[in-house]
Amino acid sequence: MVCETRTTCPYCGVGCGVIATVDDAGAVSVRGDPEHPANLGRLCSKGSALGETLDLDGRALFPMIDGRRARWDDALDLVAARFSAAIDAYGPDSVAFYVSGQLLTEDYYVANKLMKGFVGSANIDTNSRLCMASSVAGHRRAFGADTVPGCYEDLELADLIVLAGSNTAWCHPVLYQRIASAKARRPGLKVVVIDPRRTSTTDIADLHLAIRPDADVALFAGLFSHLVRAGAIDQSYIARHTTGFAEAFAAVDLSMADLIEATGLPSMQLREFFRLFAETEKVVTCYSQGINQSSCGTDKVNAILNCHLATGRIGRPGMGPFSLTGQPNAMGGREVGGLSNMLAAHMALENAADRERVQRFWNAPSIAQRPGLKAVDMFDAVADGRIKSLWIMSTNPVVSMPDADRVREAIRSCPFVVVSDIVAHTDTARLAHVLLPATGWGEKSGTVTNSERRISRQRAFLSAPEEARPDWWQISEVARRMGFGEAFDYSEPHQIFAEHAALSAFENNGMRDFDIGAWEAVTSEAYDALQPFQWPQRAGTAPSETRFFGDGVFYHGDNRARLVPVKPSMPAHHANEQEFILNSGRVRDHWHTMTRTGKSARLSAHMGEPFVELHPLDAEKVGIADADLVDVRGGSNKGVLLRALITERQQRGSVFVPMHWTAETSSLGRIDTLVPPLVDPISGQPALKQARVAITRYEAKAYGFAVSIAKPVLDECSYWAIGKAEHGWRTEFALDQSVLDWEKWARAALGIAQDAQVANYRDEATGQVRIAFTSAGHLVAAIHVDRRPVSASRDWLASQLMKDISKSTEYQDVLAGRPGRNRPDPGAIVCACFGVGANQIAQAASLGCMSVEAVGEALSAGTNCGSCRPEIRRIIDAHQPIAAE
Ligand SMILES: Nc1nc2c(c(=O)[nH]1)N[C@H]1C(S)=C(S)[C@@H](COP(=O)(O)OP(=O)(O)OC[C@H]3O[C@@H](n4cnc5c(=O)[nH]c(N)nc54)[C@H](O)[C@@H]3O)O[C@H]1N2
Ligand SMILES: Nc1nc2c(c(=O)[nH]1)N[C@H]1C(S)=C(S)[C@@H](COP(=O)(O)OP(=O)(O)OC[C@H]3O[C@@H](n4cnc5c(=O)[nH]c(N)nc54)[C@H](O)[C@@H]3O)O[C@H]1N2
Ligand code: SF4
Ligand SMILES: [Mo]
């Protein structure tokens with residue numbers, strides 16, 4: 001019997017509906033839910049590959065105390081005892097929770113309730129501090145509440161979409177596709193991308209502003225000033241619905257010369273952007289981490305909001321500022337008040353009446369009286385011993401926090417650390433005194449809220465493996481053992497959701513934006529059947545697609561929005577020519593620290609190792625060639641080792657590094673070890689995109705690439721990075737010492753059985769060594785070594801694992817590192833859904849396929865999830881007689 005379940009994707013904030021199918025053999029496949037309003041059936045490459053990430057390899061399946069399997073009762077007793085003991089001896093502020101926008105709302109609600117109402121401290125902060133804090137702070141300054149005014153439909157109704165600091169094509173791919181298809185239907189829809197790099201998102205841009213890093217305040221201040229001077233503001237809206245116009249205008253007095261200097265943009269481009277914005281009524285400005293993750297992130301947000309408020313373009317169809325949330329439940333976390341400076345249900349921690357109301361509703365013994373520690377400060381407090389007990393849930397701070405080595409040392413020095421995760425060995429889980437195994441996507445039940453305030457169910461369709469338990473259950477069990485049983489007497493997630501809904505409506509009367517009172521008495525059956533809906537949905541009302549602020553009423557006491565004066569800063573001139581700005585972010589097919597996407601061979605094929613992307617002229621200046629290894633060093637002289645990727649897409653003086661590689665997947669790929677813990681003074685969000693680094697070429701004695709069915713052990717390598725192949729692993733490596741016997745080395749490093757057969761190729765003059773290992777004619781490992789970075793067709797070699805290569809031409813191909821002439825090499829995988837490579841697309845282009853659609857017809861590439869369409873277009877362009885770029 002085939003069983004289908006409607007649920008929601010656990011990755012990005014688009015919040016796509018997914019239909020998961022489990023067949024008789026237990027295999028899971030997924031497809032987009034055509035009825036879910038976020039995606040209407042679409043999925044991106046990550047969503048489409050969800051079925052490949054659900055095996056139990058590496059899962060945390062049993063509670064562990066000090067690395068040994070323990071009974072749940074013992075683990076929970078210990079956690080409760082250690083938290084209670086710290087609170088008794090040192091007070092409530094001596095304990096902390098560090099949680100995540102990937103928790104479900106129910107988990108998040110319970111964690112926040114325990115800390116703020118029952119422990120009585122606000123020391124709960126979340127990885128959303130690294131992600132959305134500046135947007136939250138900007139919204140609260142302007143609107144008086146953390147409200148996202150618009151909805152996805154606005155993207156289809158707009159005539160101008162500005163994508164600021166957002167690589168939408170890779171990070172919110174289904175929204176990108178919605179924009180791309182709206183533009184294809186209606187070419188009058190213009191798209192402006194503001195990003196220092198040329199990204200896949202710029203593919204649909206009418207205008208790409210390759211802004212100087214961190215110059216967004218200046219750019220939007222310049223826009224604001226232009227709108228005023230050009231008479232494009234809405235005077236009557238400003239007069240009726242805002243305050244602060246004069247101060248905001250006075251702050252942005254920039255000449256065109258200042259603007260050019262600050263942004264690094266030519267005046268033609270600036271004028272074109274200003275003209276488009278001034279002349280277009282229906283503008284949506286979407287923004288993400290290029291805006292938020294900055295030491296002036298909150299000002300960047302308000303600089304954007306100012307332009308929308310001054311033109312009255314907010315809360316109406318097809319217009320408004322739009323913060324694209326990163327994690328699947330970034331919004332849910334904000335609704336429950338999961339940040340250390342927030343209270344539940346969009347109430348304010350600094351407001352005594354709100355505190356009293358929440359305490360009364362919870363019937364809590366206490367309530368946090370002041371904001372708790374924000375993420376960076378929290379780990380400082382862990383480091384200096386103020387925090388005695390720390391519980392980390394659903395996040396991997398040893399990889400993702402700035403100054404990551406210091407964070408690692410802080411956690412290591414903490415007297416008591418609890419980690420709840422679905423994976424047994426993450427860089428963080430390795431440091432846990434108590435590891436609590438959580439149920440993951442497909443096993444757990446609850447709700448998430450996407451970027452457009454739409455609440456959707458995640459539903460279980462698999463049973464919990466071994467002893468894994470939901471996060472809300474773990475927290476409630478600990479609360480019970482700390483003596484708060486009555487308030488945490490939940491047996492099903494719908495009870496928590498109902499309480500959360502009731503609190504949102506409690507003494508609300510339209511005073512607070514977040515109100516889902518309609519669900520305060522939700523039954524188990526109704527919760528099971530819950531259809532995606534947008535908040536607010538007040539008691540007694542039906543679900544409706546609502547925008548906020550169309551009526552000009554905001555949540556400050558006087559109901560007016562604030563125009564916030566923001567002062568642009570001029571760029572600091574580089575004292576040091578060798579210094580580069582370190583920009584960091586995401587790649588198309590991986591999710592954060594790769595604990596899930598890293599399990600899929602398809603997703604691991606797109607980007608096989610950690611890289612540093614730099615401009616050709618910069619590369620030349622520092623003497624780095626493509627595929628060299630690069631030593632990237634930060635202020636404290638710590639270094640990471642990455643592969644050079646030289647492209648003109650990068651602007652000079654700045655390099656880009658992905659955030660995904662960990663100590664589990666690379667030797668020295670944790671980029672956050674180089675990012676200093678500099679934060680925005682208002683939001684506390686770290687400036688993760690503007691570190692400063694020096695880069696040099698790293699010279700190794702030998703470079704290699706290997707594929708193997710066993711997971712490699714690479715202790716001797718100065719550089720390594722591993723990824724999944726369909727039947728094993730693919731490994732990049734380099735060594736500083738000479739190896740005399742490569743066969744022996746490979747047997748040890750790649751875990752090759754003694755009886756495996758060997759075929760060797762060795763060129764003494766060049767130092768090239770290639771060895772294939774077979775067992776009963778099937779390839780079990782292959783290694784290519786050279787004195788220079790190895791050139792081999794990596795995806796093809798990885799695809800040969802476990803294949804019968806007993807014919808001599810076949811194993812010769814493996815030794816050659818690419819298929820023979822009779823078997824064309826597809827090249828590096830571009831389309832993850834259909835496994836179509838760059839060479840195939842280039843060939844189709846040279847045979848006359850001149851559009852993405854034509855390539856799709858010929859090869860199917862780009863016709864499923866569409867995430868690779870910008871890359872396909874780039875390959876086509878490169879193979880046209882007159883290149884487009
Ligand atoms: N594939 C994939 N998708 C994801 C995720 C993932 O891990 N993988 N994670 C999700 C999460 S949690 C988040 S928060 C989102 C993030 O989504 P995005 O914010 O779109 O992604 P990033 O790659 O972090 O950064 C976006 C862009 O900001 C640019 N940028 C850097 N500095 C500046 C600047 O000073 N000004 C401007 N204007 N731009 C700048 C970078 O060059 C980069 O292209 O993605 C979500 N979606
Ligand atoms: N340099 C740099 N650093 C960055 C960023 C950047 O752009 N540049 N981006 C920042 C941003 S925006 C973000 S959001 C963070 C993300 O960084 P993290 O949150 O640290 O990264 P994840 O890999 O998503 O960590 C989630 C963890 O939760 C586990 N998990 C999955 N499902 C469950 C579950 O149901 N329950 C439990 N208990 N655990 C589960 C996963 O196995 C994984 O270990 O990184 C930040 N760090
Ligand atoms: S866009 Fe992709 S990652 Fe984001 S929710 Fe949709 S399917 Fe998941
Ligand atoms: Mo994020």
Side-chain angles (χ1 to χ4, degrees), residues 10-14 44-46 59-60 99-104 107 126-132 163-173 193-201 209 211-216 219 286-294 300 324-328 330 392-402 404 419-423 426-429 436-441 443-444 468 470-471 474 581-597 603 650-651 654 656-660 662 670-672 674-675 685-686 688-691 867:
Y11 298 124
C12 83
V14 179
C44 76
S45 49
K46 295 179 297 301
R59 279 288 297 270
V99 305
S100 159
Q102 293 169 68
L103 289 173
L104 301 177
D107 304 323
T126 138
N127 63 2
S128 282
R129 184 70 60 194
L130 317 177
C131 184
M132 303 315 305
L163 301 170
S166 158
N167 187 3
T168 329
W170 282 9
C171 296
H172 297 91
V193 173
I194 304 167
D195 193 310
R197 302 188 295 152
R198 191 141 41 95
T199 62
S200 281
T201 305
L209 303 177
I211 193 173
R212 210 190 275 275
D214 245 2
D216 306 87
L219 179 66
C286 300
Y287 55 94
S288 192
Q289 299 316 338
I291 299 298
N292 294 338
Q293 288 172 341
S294 154
K300 289 190 188 187
L324 299 181
T325 52
Q327 299 180 88
I392 299 168
M393 303 173 206
S394 202
T395 176
N396 195 357
V398 169
V399 185
S400 57
M401 279 287 292
V419 173
S420 299
D421 207 291
I422 59 169
V423 172
T426 70
D427 292 358
T428 304
L436 300 177
T439 44
W441 184 78
E443 301 156 3
K444 60 183 193 174
D471 292 285
Q474 301 178 14
I581 291 180
L582 171 67
N583 178 5
S584 60
R586 292 149 173 86
V587 304
R588 192 189 77 191
D589 288 353
H590 275 309
W591 178 261
H592 297 163
T593 71
M594 288 200 264
T595 61
R596 288 171 289 168
T597 49
L603 296 182
Q650 190 60 46
Q651 69 168 252
S654 159
F656 179 82
V657 176
M659 62 169 291
H660 305 292
T662 68
R670 284 164 58 236
I671 195 61
D672 274 313
L674 304 188
V675 178
Q685 176 155 357
L688 291 163
K689 300 227 182 306
Q690 296 93 18
S867 300

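Counting starts at 1 for both ligands and their atoms, in listed order. Heads up: numbering here begins at 1 and tracks the sequence.
- In summary, the side chains of S654 and N583 do not present any donor paired with an acceptor at a separation below 3.5 Å, with no hydrogens or angles considered.
- The parts of D421 lying near ligand 2 are both backbone and side chain, judged by heavy-atom distances below 4.0 Å.
- Between the Q474 side chain and the P437 main chain, a donor and an acceptor come within less than 3.5 Å of each other.
- Of all the atoms in ligand 2, the ones that sit under 4.0 Å from a non-hydrogen atom of D471 are 34 (C), 35 (O), 36 (N), 37 (C), 38 (N).
- Set against the non-hydrogen atoms of A438, the atoms of ligand 2 under 4.0 Å away are 36 (N), 37 (C), 38 (N).
- Here the side chains of Q102 and P328 are in contact, with some heavy-atom distance below 4.5 Å.
- Within 4.0 Å of ligand 1, counting heavy atoms only, the contacting residues are C12, K46, C131, G165, S166, N167, W170, C171, H172, I194, D195, P196, R197, T199, P213, D214, D216, S288, Q289, G290, K300, G326, Q327, N583, G585, R586, V587, R588, H590, W591, H592, H660, K689, Q690.
- For the ligand labelled ligand 2, residue D672 lies inside the 4.0 Å heavy-atom shell.
- Under the 4.0 Å criterion applied to side-chain N and carboxylate O atoms, K300 and D214 are assigned as salt-bridge partners.
- Within ligand 2, the atoms closer than 4.0 Å to a non-hydrogen atom of K444 are 34 (C), 35 (O), numbered from 1 in the order shown.
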Requested in this report: I would like to know whether I211 and D216 meet side-chain contact (heavy atoms from CB on, under 4.5 Å); could you show each step before the answer?
Outcome: CA-CA 8 Å; I211 193 173; D216 306 87; 3.8 Å; yes
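- Not a single donor-acceptor pair under 3.5 Å links the side chain of R588 to the backbone N or O of W170.
- In terms of the side-chain contact (heavy atoms from CB on, under 4.5 Å) criterion, residue partners of T597 (sequence neighbours excluded) are, by chain and number, Y11, K46, H590, W591, M594, L603.
- Close contacts between ligand 2 and T426 involve ligand atoms 44 (O) [criterion: under 4.0 Å to a heavy atom].
- Listed by number with element, the atoms of ligand 2 under 4.0 angstrom from any heavy atom of S420 are 37 (C), 38 (N), 39 (N).
- Contacts between T439 and ligand 2, counted as non-hydrogen atom pairs separated by less than 4.0 Å, involve the backbone only.
- In the vicinity of V423, heavy-atom distances shorter than 4.0 Å reach the ligand 2 atoms 42 (O).
- Contact atoms of ligand 2 toward I422: 30 (N), 31 (C), 32 (N), 33 (C), 34 (C), 39 (N), 40 (C), 42 (O) (distance under 4.0 Å to a heavy atom of the residue).
- Just one of D421, T595, N127, T593 meets the side-chain hydrogen bond (donor to acceptor under 3.5 Å, both in side chains) condition when paired with N396; it is T593.
- Residues that satisfy the side-chain contact (heavy atoms from CB on, under 4.5 Å) test with S166, not counting sequence neighbours, are T168, S288, L324.
- Residues forming a side-chain contact (heavy atoms from CB on, under 4.5 Å) with I392 (at least two apart in sequence, or on another chain): Y98, L390, T395, P397, I411, V417, V419, T428.
- When heavy-atom distances to ligand 2 are checked against a 4.0 Å cut-off, T395 comes that close through both its backbone and its side chain.
- To the nearest 0.5 angstrom, L130 atom CG is 8.5 Å from Q327 atom CD.
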